[in-house]
Asks: 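A single structure is presented below for examination.
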Amino acid sequence: MSRLLGAMVVLGCLGGAASFLAPSSISKSSLPQLRHSRCFTGVPIPSTSTLVCPRRGSTMWREGRRRILVSSMDKAAEGKVGAEDTGGTEAEGEKTGFWETDNGKILQISLPAVLNNMIIPLVGAVDTFWVGRMGVALALAGQSAANQVFSTAIFLINFLPSVIAPLVAKAEAEGKREEVQKRIGEALFISMTTGVLGMVLLAGMPDLMLKLVLPEGAPARTFATPYLAVRGLSYIPAAVGSVAFSAFRGILDVATPLKISAATNIVNVILDPILIFTFKMGVAGAGLATGIAEVLAMGTYLWLMLRRKMVTVGRIVSPPEFKSLVPLLVAGSSVQLRAFVLQIAFVSVVRCVQAMDFTGTAAAAHAITVQLWQIAGIVLFGFGSAASILVPRALVSSKRSGLEMTYKLINWGWVMGLGLGGIQLLTIPLLSVMSPLVEVQEAAKVPAMIASGMQVLSGIVFVGEGAMMGYQAWTTLAFSSVMGVTGMMIVLHKFSHSLIGVWSSFCVFNFIRLLFVLYHVFYHRNQVLAEEKEKLGGSSGGGG
């Protein structure tokens, strides 16, 4: 057993190590016109030229690297199609390095996104740690309930991040820079205007919003209300930041969001103990620390997007035309339906957990289990987000290229899920670090084991649904979520008395979503095979 766990750990760590051990994503042989291997501006520089390459890490240097990555991906797709048409193979041409293959490009896009996604739950775990240090289980339970309300508001009101990334990726792949600016400007305008509603509801009426997850008279309300009131003030920055993050992903710049997230969340980590204990703000201090970090992130995103001409001030402040909103509204309606049923399920889980006992033990154990699951499981969202931008780029080339990219991404999903599940099993002894209360530690053990076993399933589902976003299969995604939540609620109704039942319902939820992912993949596989067979038959008939 220990050897198996050790193998899982090594497997899971390989993906993270690749980002640090990998050479530059562009080999010297692929850039014969550049002066040396560290000049990634994309500007031809003769070997005899006295021009100096831009400083490594500068804005021009980063933009040059991004353009070369985009160009190399497009050329690789064109070369693959050409090889299929002529019957040639990659081995017959110039040998391709790993970082120029599809798998290499998946890692180049996924790993920074993975690291960025890891920052969020890690900072959440730090919040949980400091609130847990207060030694009051109800404080942790109240913070968990308030965070669920905030997340529910974000998902229900701000649907744009899921929609905007594939649209920006497609426009960027087609070379339509004006379309990119237009899409980003529309998304930012909508997120800011709808964000006002979210801020008013959360910061102005926290008691009303907490009724979603906490029954009247619940002791945890004492801690949840001040936390949500302070946290709600940062709703607009959180909404704008999520849209900006998706916009950067759409143009294949995943390094910038990583740096912004890391820097601003370090501020959060530093402020947590200061505001919670030094200024004696309690759980409200944790909410204020997070809010300050989100304001800093929003300001940095907007400054960079304006500086790089990804968007203009005029497009941000101008209401979009109705005809331009049609694609967003069509996709957004399905996304909203999906978000609505998902949040019904998650809110129901929180209400169920909060009602198990009024001491807060079950709720605290559930909050810790969620944090441990996210530390491992959120990594898989990185590969899912990569799928949502790599698949539409591949589809610009051909349906066959899109299908092959989907296969490769799903393979990465289950492999990473297996490794991360093993790592999560090893984190169970850390329950004592997350809470000093023995009863909370014992209540969290079995749910944490179930959550770790669910990671392989989650890996396939997250990546598969990211690919479905790339195909813009919004209706199928919505129906998948409705059916998954239905199955989850049935199980939750039968076994709502224990945390084991709650986490078993999550397993049912993911399994049903898996069935829809497989349906989507095989549907497009059969479609591609039928078209290729028809094309082959037509060619044979023409030759006769």
Side-chain angles (χ1 to χ4, degrees), residues 124 127-128 130-156 198-233 235 276 280-288 290-291 340 342-371 434-444 447 485 488-489 491-503 505-506:
D127 286 348
T128 301
W130 286 114
V131 174
R133 291 293 98 184
M134 294 174 63
V136 182
L138 286 173
L140 200 58
Q143 183 207 22
S144 175
N147 271 330
Q148 181 59 62
V149 173
F150 189 89
S151 298
T152 297
I154 283 285
F155 278 106
L156 289 179
M199 183 180 68
V200 170
L201 289 175
L202 296 176
M205 296 176 281
D207 286 322
L208 176 64
M209 298 302 294
L210 283 170
K211 289 182 179 180
L212 293 172
V213 295
L214 289 174
E216 290 287 350
R221 275 180 170 268
T222 305
F223 299 93
T225 300
Y227 179 90
L228 185 60
V230 174
R231 184 84 168 85
L233 294 173
Y235 184 92
I276 293 174
K280 299 180 180 180
M281 294 183 65
V283 292
L288 180 58
T290 304
F340 181 72
L342 288 176
Q343 294 310 310
I344 286 177
F346 296 149
V347 167
S348 298
V349 166
V350 173
R351 285 187 63 90
C352 175
V353 170
Q354 293 285 345
M356 282 183 189
D357 66 90
F358 283 146
T359 65
T361 299
H366 177 70
I368 290 173
T369 304
V370 169
Q371 290 294 341
M434 303 298 290
S435 175
L437 304 176
V438 176
E439 60 270 24
V440 173
Q441 298 171 25
E442 291 299 319
V485 168
M488 177 182 178
M489 296 297 288
V491 175
L492 190 63
H493 178 72
K494 295 287 186 181
F495 304 99
S496 60
H497 59 280
S498 69
L499 288 179
I500 296 175
V502 168
W503 282 89
S505 70
F506 278 124

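Heads up: numbering here begins at 1 and tracks the sequence.
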Asks: CZ/Phe506 to OG1/Thr369 distance, rounded to the nearest 0.5 angstrom?
Replies: 10.5 Å
Asks: Would you say Trp503 and Val370 make side-chain contact, with heavy atoms under 4.5 Å?
Replies: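 They are in contact (side-chain heavy atoms under 4.5 Å apart), so the answer is yes.
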Asks: Which pair of heavy atoms, one from Val230 and one from Gly287, lies closest together, and at what distance?
Replies: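 Where Val230 meets Gly287 most closely, the heavy atoms are CG1-C, 3.9 Å.
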Asks: So how far is it from Leu233 CG to Leu288 CG, rounded to the nearest 0.5 Å?
Replies: 8.5 Å
Asks: Within this structure, what is the CG-CZ distance for the pair Leu228 and Arg221, rounded to the nearest 0.5 Å?
Replies: 10.5 Å
Asks: Over all heavy atoms of both residues, which pair between Val502 and His366 is shortest? Give the atoms and the distance, please.
Replies: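 It is CG1-CE1, 4.3 Å.
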Asks: Begin with the C-alpha distance, continue with both residues' side-chain angles, and end with the deciding distance and a verdict on side chain to side chain contact (heavy atoms under 4.5 Å, CB included) for Phe223 and Val136.
Replies: CA-CA 10 Å; Phe223 299 93; Val136 182; 4.0 Å; yes
Asks: What distance separates Leu437 CG from Thr361 OG1, expressed to the nearest 0.5 Å?
Replies: 7.0 Å
Asks: Identify the two heavy atoms, one from Ala345 and one from Val485, that lie closest to each other, and give their separation to 0.1 Å.
Replies: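 For Ala345 and Val485, the tightest heavy-atom pair comes out as CB-CG1, 3.7 Å.
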Asks: Are any non-hydrogen side-chain atoms of Leu138 and Thr222 less than 4.5 angstrom apart?
Replies: no
Asks: Do you know which two heavy atoms are closest between Ala362 and Leu499, and how far apart they sit?
Replies: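 Result for this residue pair: O-CD1, 3.7 Å.
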Asks: From Ser144 OG over to Gln148 CD, what is the distance, rounded to the nearest 0.5 angstrom?
Replies: 7.5 Å
Asks: Out of curiosity, Phe495 CZ to Leu492 CG, how far, rounded to the nearest 0.5 Å?
Replies: 10.5 Å
Asks: So does Asn147 get a backbone contact from the side chain of Ser151, meaning a donor-acceptor N/O pair under 3.5 Å?
Replies: yes
Asks: Run the side chain to side chain contact (heavy atoms under 4.5 Å, CB included) check on Leu202 and Arg231 step by step: do they pass?
Replies: CA-CA 8 Å; Leu202 296 176; Arg231 184 84 168 85; over 6 Å; no
Asks: Mind checking whether Phe150 and Tyr235 have parallel, tilted or perpendicular rings, split at 30° and 60°?
Replies: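 Rings of Phe150 and Tyr235: perpendicular, over 60°.
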Asks: Please report the shortest heavy-atom distance between Arg351 and Lys211, naming the atom on each side.
Replies: NH1-O, 2.8 Å
Asks: What heavy-atom pair brings Ala443 and Ala365 nearest, and what distance separates the two atoms?
Replies: CB-CB, 3.7 Å
